[in-house]
Amino acid sequence: MYEIVKSIPFCYGHRLLRYVGPCANIHGHNARADIKLISETLDERGMVMDFGDIKAIVKKWVDETLDHTMLMAVDDPMVPVFRSANEKFYLMEKNPTAENIAELIYDFVAAQGFPVSSVTLWESDTSYARYSR
């Protein structure tokens, strides 16, 4: 089995609902998503996939959708405030935890037809969440 990993750094803001502690407050992270692709075979170039192809599609989506964006749950009472202030935000069906952000990125990568094995979201230098199926 062959594996490759493309890392995509980005910054985001969020707050956690139904959480007791400092992460219930609006705050931000300098994050990194590690996208792992796997394949039992290599293409005619000897690759699982070209890193540039991953960058062109996945990094572009992350930059446009998640980077420097407030990630918010659809039921967050702050959504109307952000909307009325014309602030950039992205609504998630789930609480914007590291686990759920990893799943969100995984779902996007999989929808592009890439052979994604897992997405690891580094929320800080010492903490990460990983999602795979």
Checklist entry - Are Phe10 and Leu91 connected in the hydrophobic side-chain network, where two residues link if heavy atoms are under 4.5 Å apart? => result no

Checklist entry - Is the shortest heavy-atom distance from the side chain of Ile38 to the side chain of Tyr2 under 4.5 Å? => result no

Next on the checklist: Is it the case that the ring center of His68 lies less than 6.0 angstrom away from the ring center of Tyr12?
Outcome noted: no

Checklist entry - Under 4.0 Å between a Lys/Arg side-chain N and an Asp/Glu carboxylate O for Asp107 and Arg133? => result yes

Checklist entry - How many angstroms lie between atom CD1 of Ile8 and atom CG of Asp63, to the nearest 0.5 angstrom? => result 8.0 Å

Next on the checklist: Starting from Val74, can I reach Val81 by hopping between I/L/V/M/F/W/Y residues whose side chains sit under 4.5 Å apart?
Outcome noted: yes

Item to check | Interatomic distance, Lys36 atom NZ to Ser117 atom OG [nearest 0.5 angstrom] | outcome: 5.0 Å

Next on the checklist: Using 0.5 Å steps for rounding, measure from the CE atom of Met92 to the CG atom of Asp76.
Outcome noted: 12.0 Å

Checklist entry - What's the shortest heavy-atom distance between Phe89 and Met72, and which atoms? => result CB-SD, 3.8 Å

Next on the checklist: Using every non-hydrogen atom in the two residues, find where Phe114 and Leu37 come nearest and quote the distance to one decimal.
Outcome noted: CB-CD2, 4.0 Å

Checklist entry - What's the shortest heavy-atom distance between Met70 and Phe82, and which atoms? => result CG-CE2, 3.6 Å

Checklist entry - Do Lys88 and Thr69 get their side chains close enough for a donor-acceptor pair, meaning under 3.5 Å? => result yes

Item to check | Stepwise side-chain contact (heavy atoms from CB on, under 4.5 Å) test for Lys59 and Ile54 | outcome: CA-CA 7 Å; Lys59 184 175 184 331; Ile54 303 165; over 6 Å; no

Next on the checklist: Has Ser127 got a side-chain atom pairing as donor or acceptor with Glu123's backbone, closer than 3.5 angstrom?
Outcome noted: no

Checklist entry - If every non-hydrogen atom of Leu16 is compared with every non-hydrogen atom of Pro96, which pair is closest and at what distance? => result CD2-O, 3.6 Å

Item to check | Gap separating the OG atom of Ser7 from the CZ atom of Arg32, nearest 0.5 angstrom | outcome: 4.5 Å

Next on the checklist: Glu103 vs Lys94, test: salt bridge (Lys or Arg N to Asp or Glu O under 4.0 Å). Steps then yes/no.
Outcome noted: CA-CA 10 Å; Glu103 181 183 15; Lys94 300 176 180 179; 2.7 Å; yes

Checklist entry - For the hydrophobic clusters of this structure (ILVMFWY residues joined by side-chain heavy atoms under 4.5 Å, transitively), does one cluster hold both Phe51 and Ile35? => result yes

Next on the checklist: With a 6.0 Å cut-off (strictly less than), is the heavy-atom count around CG of Asn25, excluding the residue itself, greater than 12?
Outcome noted: yes

Next on the checklist: Contact between Tyr131 and Ile101 at the side-chain level, heavy atoms closer than 4.5 Å - yes or no?
Outcome noted: no

Next on the checklist: To the nearest 0.5 Å, what is the distance between CG on Asn100 and OH on Tyr106?
Outcome noted: 15.0 Å

Next on the checklist: Determine whether Lys6 and Asp50 satisfy the following criterion, salt bridge (Lys or Arg N to Asp or Glu O under 4.0 Å), listing intermediate values before the conclusion.
Outcome noted: CA-CA 10 Å; Lys6 178 66 177 171; Asp50 187 331; over 6 Å; no

Checklist outcome for this item: Smallest heavy-atom separation, Ala73 atom then Val79 atom, equals O-CG2, 3.7 Å

Checklist entry - So do Leu71 and Leu104 actually touch side chain to side chain, heavy atoms under 4.5 Å? => result no

Next on the checklist: Is the ring pair Trp122/Tyr128 parallel, tilted or perpendicular, if the boundaries are 30 and 60 degrees?
Outcome noted: tilted

Checklist outcome for this item: Here the pair of heavy atoms bringing Met78 nearest to Arg15 is CG-NH2, 3.3 Å

